[in-house]
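Dropping the structure in here first, questions after.
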Amino acid sequence: MKMVLPLSKEKTFFLIVVTLIAFIGCDKKIESVKPNLDEEFNFNQAEYEAVLEHSFSFPDTTDLLYQSIKENLDTLKSFYFNINFKPIFIKSYESKSFVDSLLTIIGKAEEHGLNPENYNYTKIKNEFSESIDPKTYNKKRYLHLANAEMLAANAILTYSIHMRHGVVNPRKIFAESYYLPVTDSLNQKLFEPFEQENIIEYLKNIQPKSEKYKKMQAALKRFVGIKDFEWTAIPVTDKKVEPGNVYPSIDLVINKLITLGFLDTSKMKINDLVLYDTLLTAPIKSFQRANGLNDDGIIGKTTIERLNITPMEYVDKIKLTLERFRWLDYSDTAKYILANIPDFKVYAMENGVEKFNIIICVGRKGKWETPNLYGQISYMVLNPTWSVPKSIIQEEIVSGLRRDSLYLKKRYFKVYKAGERVSLDGLTAHELSSSNRYSIVQDPGAGNALGKIKFMFKNPFGVYLHDTPTRAPFKYVNRAVSHGCLRVEKPMQLAEYLLNNNSNWTTDFIKIEVGQKVDNPNVVEEFNIKRSNLRKNHSYGVTTEVKFDRSIPLFVDYYTVWVDENGVFNYRDDVYDRDKVLRKYFLE
């Protein structure tokens, strides 16, 4: 019989340590092989794809999920059919990190003035959560997973379209007035998002990044932050309040100026004011300028009405402008002219920097509204004639002739019937209105409706920018007074800019040609020598065309709020009710 000798204390300690190490190591090994979700729930790729195919092919039309994706269902079904209904985004129960990243992006849709629920934020979150919930009946896991995949695909497709092209198509809701370039969202790049190696990075990169867009996003955040502030309305009266006047509502005015960022209370002391103190004049003027009003510092009805605009109204306006900026981003165009209709101004832009702006008049509301346009300003006409449109003949010339028998003569009009010039003597308003065979041309001169210069760009409406002898409307707040063309307050400033580096004509030459004084006799002599060659093949009597060496893009756009280069939030009236129309399709 073999004797077992007792262990020494040292050997006993050694065995204990070895046993503990083995136990700990075994414990770690068990932990490391803990099954993942796919293993835990026995994920089967073929079964998942079969459920996904069935979900696409036989959707429950009464289910809320179907309602969420029905607009794109056929499109998605066609795409998935071509790849044998293999999942693209949520490939198994292990796709939680992708789902979290996708929800993070969708959740920030509010930063773009959009609702995350437009992209099924909650439904995606709930469906995927149900698929990995231990309480979920096993046979339903694939259904929830398939639902999450379908919702995610629909969300990615829709979000991509909205970021790249906008939520609504302006050509559909403004069929008669929107002629800026529009990219078709339903083109060969529709499934571009589905072909990305990193869809999350793609979704981040397609978000608009222009400075004007980012400024509007910052403004949106700011006004959302104050949308629940108490916004007590200031009583509106016809009485004007001037500096030094007692004004019982001055405290309400002050509160609004502070909230809107026009008054810094750290620089002035406000204690129960009832006087419209002269210290408040500068903030009032700044507010008026930011609202396109006459900055006279007088608190009148219009100024009060603007002060009463609530933060939530600003939020809605900002959302509409962000949508317009998604339709077309021309901010990376190196050099262009921008005319913003509600602002009644034209801007010269270079590399995102405003060089100058000029006041303009635009078309009257109704029949004569100026459309959104794009074109290339390629030449200008000096001392232009004006061929009066038939509609203006019937609506204005006829009534003018009824009032004054010398109306046509006083304005240097020539009248033609079937191409033959007719005498103005004895021509009556009745004759002019009863026949469509008459045409009227206004000769160049001081009274010509187009002034001394018009700037031409190709467009389907025959719209152009031009000078005008009628100067008073440039002082109006609402300068929607024309027949659709853009009247320019300072045409010579615009001409000088467009003529930069022109190989033949100079600004001084233009001035001489249109009858303006040039003091330098050497320039006058030089022009007299060159005039015949300059006008050769480009002149018709006193009328002369000046072609530019390089055309410059012109965008005639429409937005009622923006942040200017000084960081000031600007607001303008919806002069043509186009915000009102867009709101119905976009916000309601």
Side-chain angles (χ1 to χ4, degrees), residues 113 215-216 218-321 340 342-345 475-480 559-564 566-577 579-580 583 587:
K215 287 179 179 179
M216 289 308 296
L220 177 63
K221 183 178 180 180
R222 172 187 161 202
F223 282 107
V224 166
I226 64 172
K227 68 181 177 65
D228 295 325
F229 280 25
E230 183 179 348
W231 208 256
T232 306
I234 303 169
V236 179
T237 67
D238 290 328
K239 184 179 179 181
K240 295 182 178 180
V241 183
E242 300 188 20
N245 290 166
V246 174
Y247 185 38
S249 298
I250 194 66
D251 59 326
L252 296 176
V253 172
I254 289 171
N255 288 337
K256 286 178 167 56
L257 289 174
I258 292 171
T259 305
L260 294 172
F262 290 95
L263 182 57
D264 185 354
T265 55
S266 67
K267 296 181 180 179
M268 62 185 299
K269 191 175 181 181
I270 309 250
N271 286 322
D272 300 323
L273 287 178
V274 292
L275 276 180
Y276 174 25
D277 195 293
T278 53
L279 291 174
L280 294 174
T281 306
I284 284 291
K285 286 184 175 181
S286 296
F287 175 80
Q288 289 171 330
R289 284 193 294 273
N291 281 266
L293 307 176
N294 293 326
D295 57 342
D296 53 13
I298 297 173
I299 303 176
K301 180 181 178 182
T302 307
T303 299
I304 294 174
E305 288 174 342
R306 292 294 176 85
L307 285 167
N308 281 338
I309 293 173
T310 66
M312 199 59 219
E313 290 177 280
Y314 285 126
V315 167
D316 286 348
K317 285 275 193 181
I318 292 169
K319 288 180 179 180
L320 297 178
T321 296
N340 183 14
D343 186 30
F344 304 115
K345 282 186 179 178
K475 302 297 182 183
Y476 298 170
V477 171
N478 185 335
R479 295 190 285 276
Y559 46 91
T560 52
V561 293
W562 70 95
V563 179
D564 65 24
N566 297 314
V568 177
F569 181 82
N570 281 253
Y571 177 99
R572 298 293 185 272
D573 281 335
D574 184 17
V575 63
Y576 294 158
D577 290 334
D579 274 3
K580 186 177 179 181
R583 181 188 178 90
L587 294 180

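For this chain, numbers begin at 1 and follow the sequence in order. All values reported here derive from a predicted model rather than from experimental measurement.
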D574 (side chain) donor-acceptor with K580 (main chain) under 3.5 angstrom: yes
So, taking the atom named NZ in K345 and the one named CG in N570, what distance separates them when rounded to the nearest 0.5 Å? 8.0 Å
Rounded to the nearest 0.5 Å, what separation is found between the OG1 atom of T302 and the CG atom of L307? 11.0 Å
Less than 4.0 angstrom from a charged side-chain N to a carboxylate O is my criterion; do R306 and D573 meet it? yes
Taking the six-membered ring of W562 (Phe, Tyr or Trp), confirm whether the NZ or CZ of K215 is under 6.0 Å from its centre and within 45° of its axis.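 Cation-pi check for K215 and W562: fails.
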List the steps and the verdict of side chain to side chain contact (heavy atoms under 4.5 Å, CB included) for Y276 and V253. CA-CA 10 Å; Y276 174 25; V253 172; over 6 Å; no
For a 4.5 angstrom cut-off between non-hydrogen side-chain atoms, does T310 reach V315? no
Less than 4.5 Å apart, any side-chain heavy atom of F223 and any of L260? yes
Let me confirm one number: the CE-OG1 distance from M216 to T321, rounded to the nearest 0.5 Å. 4.5 Å
Do the non-hydrogen side-chain atoms of K256 and W231 ever get within less than 4.5 Å of each other?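 Side chain of K256 against side chain of W231, heavy atoms only: contact under 4.5 Å found.
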Kindly give the heavy-atom pair with the smallest separation between P243 and T278, and that separation in Å. CB-CG2, 4.0 Å
Closest non-hydrogen atom pair, P248 against D251: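 Nearest pair, atom of P248 first, then D251: O-OD1, 3.4 Å.
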Side chain to side chain contact (heavy atoms under 4.5 Å, CB included) between R289 and V568: does it pass, once the steps are laid out? CA-CA 10 Å; R289 284 193 294 273; V568 177; over 6 Å; no
For the residue pair F287 and L263, establish whether any side-chain heavy-atom pair is separated by less than 4.5 Å.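 Heavy-atom side-chain distance check fails, nothing below 4.5 Å.
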Of all the heavy-atom pairs spanning D316 and R583, show the shortest one and how long it is.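 Here D316 and R583 meet closest at OD2-NH1, 2.9 Å.
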Using the benzene-type ring in the case of Trp, are the ring centres of F344 and Y476 under 6.0 Å apart?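 No, they do not, as the ring centres are separated by 6.0 Å or more.
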Write down the atom of L279, the atom of P283, and the distance for their closest heavy-atom approach. O-CD, 3.4 Å
For the residue pair I234 and Y247, establish whether any side-chain heavy-atom pair is separated by less than 4.5 Å.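 They are in contact (side-chain heavy atoms under 4.5 Å apart), so the answer is yes.
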Which heavy atom of K301 sits nearest to which heavy atom of V236, and what is that distance?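 Of all heavy-atom pairs spanning K301 and V236, the closest is CG-CG1, 3.5 Å.
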Separation of I299 CD1 from S249 OG (nearest 0.5 Å):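 One finds 9.5 Å between OG of S249 and CD1 of I299.
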Of D343, T560, N291, which meets side-chain hydrogen bond (donor to acceptor under 3.5 Å, both in side chains) against R572?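 Answer to the side-chain hydrogen bond (donor to acceptor under 3.5 Å, both in side chains) test with R572 among D343, T560, N291: D343.
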Is any side-chain heavy atom of Q288 closer than 4.5 Å to one of N294? no
So CG of L220 and NZ of K227: to nearest 0.5 Å the spacing works out to 10.5 Å
Quick check for you: to the nearest 0.5 Å, what is the distance between T303 atom OG1 and L293 atom CG? 5.0 Å
Determine the minimum heavy-atom distance between V477 and G292, stating which atoms define it.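 It is CG1-O, 3.7 Å.
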Any chance you could lay out the side chain to side chain contact (heavy atoms under 4.5 Å, CB included) test for L280 and I250, step after step, and finish with the verdict? CA-CA 10 Å; L280 294 174; I250 194 66; 3.8 Å; yes
Less than 4.5 Å apart, any side-chain heavy atom of T259 and any of I226? yes
